[in-house]
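Encoded as structure tokens, the structure appears first; notes follow it.
In this chain, residues are counted from 1 in sequence order. Fair warning: this is a prediction, and the values are worked out from it, not measured in the lab. Every heavy atom of this structure was used, including side-chain atoms; hydrogens, water molecules and symmetry mates were not.
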Amino acid sequence: VLGSYEGKDVTMIEIGVQDGGSLKIWQEFFGPNSRIIGVDLNPKCKKFEDKNIKIYIGSQSSEIFWTNLFNEEGKVDIIIDDGGHTNYQQITTAINCIPYIKDEGMLITEDVHTSYLKRFDNPSKYSFINFAKKTIDDINSLFPGIKKFQFSLNKYVYSIQNFESMVVFFIDRSRCKINEIKINDGEVSNHEDYRELDTESKFFKKSKILRNFKKKLSFLRLRKFFR
């Protein structure tokens with residue numbers, strides 16, 4: 001995921017400093033003038049500050065903390081959330097950080113398997129994984145007629161990629177455009193819609209009852225792929 005950034009000067013935030021080893025790794029991986037910002041709750045982590053490495057002590061669950069950090073640092077290219085891994089921490093970080101990620105940047109949320117663990121109060125309707133799924137719906141709501149959400153990130157996030165234990169949000173405002181239906185003013189062919197002529201569905205075409213049956217049958221066939 002980060003291969004395209006190797007050797008480039010970026011500004012990166014890593015949440016979860018702990019022993020500080022990864023900060024040096026990122027400094028070597030990215031360009032020599034990259035700025036590496038660490039975030040941790042433990043004040044002792046300040047000792048890892050170095051040239052182009054800065055440490056902020058504070059809670060990733062705090063909106064005020066993030067506001068103050070971005071007021072001082074401005075927008076960044078990459079954020080890696082390897083912090084506390086609770087639903088609230090991961091979701092709060094996402095909604096407060098994504099607006100401050102530059103176009104062509106990303107938020108990488110690690111250890112999202114916690115969304116399935118009892119220790120982290122999961123499974124839950126409000127798990128981070130369900131938040132990520134909702135964001136997929138949010139992206140698709142740019143198409144006309146699809147349900148909109150009161151809280152939306154679809155003017156920042158244009159794509160989401162899922163891996164085992166990791167979710168990546170790709171940011172690019174220029175690619176988050178409303179999908180508008182255009183009327184074709186040119187030649188109209190009026191070809192018949194062959195979707196209704198499928199061999200399994202042809203005899204359902206004129207009957208609402210049978211069409212509903214077809215719909216239920218399709219759900220039953222597909223259900224095994226969603227278990």
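Other residues, nucleotides and ligands contribute at most 12 non-hydrogen atoms within 6.0 Å of the NZ atom of K147. Enclosure of atom NZ in K44 is not indicated, since only 12 or fewer non-hydrogen atoms of other residues, nucleotides or ligands lie within 6.0 angstrom. Annotation for K134: atom NZ counts as buried by contact number, over 12 foreign heavy atoms lying within 6.0 Å.
Remark: I78 CD1 to E104 CD distance equals 11.5 Å, nearest 0.5 Å. Atom-to-atom distance recorded for S115:OG and D121:CG is 11.5 Å, nearest 0.5 angstrom. The distance from the NZ atom of K54 to the CD1 atom of I13 is 11.0 Å, given to the nearest 0.5 Å. Rounding to the nearest 0.5 Å gives a distance of 5.0 Å between CG of L153 and CD1 of I98. Taken to the nearest 0.5 Å, the CD atom of E6 stands 10.5 Å off from the NZ atom of K8. Residue C176 holds its SG atom at 10.5 Å from NZ of K155, rounded to the nearest 0.5 Å.
There is a path of hydrophobic side-chain contacts, each under 4.5 Å, that joins V157 to I136. Grouping the Ile, Leu, Val, Met, Phe, Trp and Tyr side chains by contacts below 4.5 angstrom, directly or via other members, places V1 with I36. Side-chain heavy atoms closer than 4.5 Å link hydrophobic residues (I, L, V, M, F, W, Y) into clusters, and following such links, even through other members, never connects I95 to Y126. One hydrophobic cluster holds both I129 and F151 under the rule that ILVMFWY side chains link at heavy-atom gaps under 4.5 Å. Hydrophobic clustering, with ILVMFWY side chains joined whenever heavy atoms are under 4.5 angstrom apart, keeps I15 apart from M106.
Side-chain contact between V167 and Q90 is absent, with no heavy atoms from C-beta onward closer than 4.5 Å. Counting heavy atoms from C-beta on, the side chains of E110 and I80 come closer than 4.5 Å. Counting heavy atoms from C-beta on, the side chains of L23 and V17 come closer than 4.5 Å. Annotation: side chain of D50 is in contact with side chain of K24 (closest heavy-atom distance under 4.5 Å). Using a 4.5 Å heavy-atom threshold, the side chains of Q27 and N52 count as touching. Within the 4.5 Å cutoff, side-chain heavy atoms of V168 are placed close to those of F163.
Side-chain atoms of N33 do not come within 3.5 Å of backbone N or O of D9 as any donor-acceptor pair. Within the 3.5 Å criterion, the main-chain N or O of G84 finds a donor-acceptor partner in the side chain of Q60. Although no hydrogens or angles enter the test, the distance criterion places a donor-acceptor pair under 3.5 Å between the side chain of E49 and the main chain of I55. N96 places no side-chain N or O within donor-acceptor distance of the main-chain N or O of S62, the cut-off being under 3.5 Å. Although no hydrogens or angles enter the test, the distance criterion places a donor-acceptor pair under 3.5 Å between the side chain of T67 and the main chain of E63. Checking side-chain atoms of N154 against main-chain N and O of D138 turns up a donor-acceptor pair under 3.5 Å.
Residue pairs meeting the ring-ring contact (aromatic ring centres under 6.0 Å, His included) criterion with at least one member in residues 50-94, sequence neighbours excluded, are W66-F70, F70-Y100. The list of ring-ring contact (aromatic ring centres under 6.0 Å, His included) pairs with a residue in residues 4-52, not counting sequence neighbours, reads W26-F30.
Minimum interatomic distance between A132 and I160 (heavy atoms only, all atoms of both residues): O-CD1, 3.8 Å. The two atoms that bring V10 and S34 nearest to each other are N-OG, 3.0 Å, heavy atoms only. Here the closest heavy-atom approach between residue S22 and residue E14 is recorded as OG-OE1, 2.6 Å. Nearest heavy-atom pair across I101 and L107 is CD1-CB, 3.8 Å. Summarising the geometry of V76 relative to I79, their closest heavy-atom pair is CG2-CG1, 3.7 Å, with the distance given to 0.1 Å. K75 and P99 get closest at one heavy-atom pair: CE-O, 4.0 Å.
Residues meeting the salt bridge (Lys or Arg N to Asp or Glu O under 4.0 Å) test with K102, sequence neighbours left out: D77. In this structure, F169 has no ring-ring contact (aromatic ring centres under 6.0 Å, His included) partners at least two apart in sequence or on a different chain.
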Derivation and outcome, side chain to side chain contact (heavy atoms under 4.5 Å, CB included), residues L142 and K177: CA-CA 7 Å; L142 289 170; K177 297 179 179 179; over 6 Å; no
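Of the N and O atoms on the side chains of N122 and N87, at least one donor lies less than 3.5 Å from an acceptor on the other residue.
Annotation for F120: hydrophobic cluster partners, listed by chain and number, are L117 (ILVMFWY side-chain heavy atoms under 4.5 Å, direct or chained). Alongside F149, the hydrophobic cluster contains no other residue (criterion: ILVMFWY side chains under 4.5 Å).
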